Amino acid sequence: MSYYNITINAKQVSLNFSASDPEKNSGTDGVQIASLAEAEIRNLLREKYTPYKITNLRLADAYQLTNLDYRTNKAVRLATCARWLEFALPPLGDDKRYKLVKTSSCHVRLCPVCQWRRSLNTFRNLAQVYDRLNQEYKHIFLTLTLPNVSAAELSAELSRYSDGFVKMLRRKPFADIVKGYTRALEITYNPGRKNFHPHLHAILSVPRSYGKKVYISQEKFLQEWEDITGWVPSEHKNVHLQVNVKAIKSVDGKSIAELAKYSVKPGDYIRPTLAETAEIIEELDPAVDNRRFLSYGGVAKRAKRELFQEKNLEDIEADTIGPEWEEWERKVYEWHFSSESYREITV
Ligand SMILES: [Zn+2]
């Protein structure tokens with residue numbers, strides 16, 4: 001459909017950003033709702049898309065205040081994100097869920113709308129991957145940390161985590177015992193100290209015999225992590241790095257949620273003032289741009305490939321409904337900048 005190929009110039013976007021209507025329209029007033037699916041969609045728009053879209057536009061404004069070369073490009077991409085949402089609704093009496101058919105995603109790493117959607121998709125995908133792997137493997141939940149770093153050090157530090165993790169798994173005894181993994185990078189920001197705390201969570205698949213003859217101690221994990229990262233406790237007042245290791249019988253929703261969490265919580269960088277937000281993202285964005293926050297290896301990578309084949313796991317939600325949705329009624333909602341709400345449009 002033509003409305004996905006839209007172009008907006010930066011001037012128009014910035015005008016749209018600053019427009020705000022004190023009389024906000026909830027988008028549902030006086031509208032006859034015909035079905036449960038439609039009521040659910042309106043609820044989704046009100047509870048999720050609308051607040052995320054509002055913060056997405058604050059972020060777009062903040063990008064314009066940064067000195068990043070690509071600030072306008074990102075601001076425009078953010079502004080177009082989730083401007084349209086097209087849903088397919090099951091016929092009345094059919095208890096299937098509605099399906100989001102099309103939307104415009106900006107793929108800006110820090111976009112609150114994209115982060116939320118990516119997190120939902122990751123959760124759903126990992127649930128399927130580990131539903132399969134739980135039958136054959138035991139698992140270890142691992143968290144690796146290093147001390148907080150300044151903005152200037154953040155990018156190199158994130159590489160240190162992802163490279164160090166892979167390096168560790170290539171060493172013995174890890175290489176013999178760990179059959180696969182999913183790992184996620186996460187960053188928290190400390191506004192008081194103005195520094196960043198990256199860390200890495202991973203689920204490691206190990207043989208079912210793990211814990212009897214085969215075992216890797218917490219000390220071994222710590223020792224290797226310190227060795228790989230070059231951390232010498234005696235040079236740091238005998239401070240050891242934090243390594244958390246937990247054997248789990250089967251991977252449950254709680255462990256998956258840890259990996260499917262936002263890479264960086266929007267509340268950490270979308271601050272009360274645009275100036276503060278701009279200051280943080282000017283440092284944060286170059287470090288997270290084009291970086292792989294979630295990655296799979298070994299049996300987890302294979303399971304993911306077999307389950308999802310060519311699907312882009314971070315894109316539009318994986319199909320959970322059969323092809324019948326193609327015949328369903330469509331509803332399209334458009335974001336109104338002036339009233340800060342979604343409204344149904346007829347197509
Ligand atoms: Zn987005």
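We count ligands from 1, going down the list as the structure has it; atoms in each ligand are counted the same way. Since this is a predicted model, take the numbers as computed values, not measurements.
Below 30°, between 30° and 60°, or above 60°: for Phe196 and Tyr189 the angle between ring planes is between 30° and 60°, a tilted geometry.
Between Trp328 and Phe87, the gap from one ring centroid to the other reaches at least 6.0 Å.
Nearest approach of Pro286 to Glu282, heavy atoms of both residues: CD-O, 3.2 Å.
Follow the hydrophobic side-chain contacts under 4.5 Å out from Ile54 and you reach Val113 in the same cluster.
Under the ring-ring contact (aromatic ring centres under 6.0 Å, His included) criterion, the residue pairs touching residues 214-238 are Tyr161-Trp225, Phe174-Phe221, Tyr210-Tyr215, Trp231-His236, with sequence neighbours excluded.
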Could you go step by step and tell me if Glu283 and Leu154 meet the side chain to side chain contact (heavy atoms under 4.5 Å, CB included) rule?
-> CA-CA 9 Å; Glu283 296 173 329; Leu154 181 61; over 6 Å; no

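Note on the Zn ion (ligand 1): protein N, O or S atoms under 2.8 Å away count 4, no waters included.
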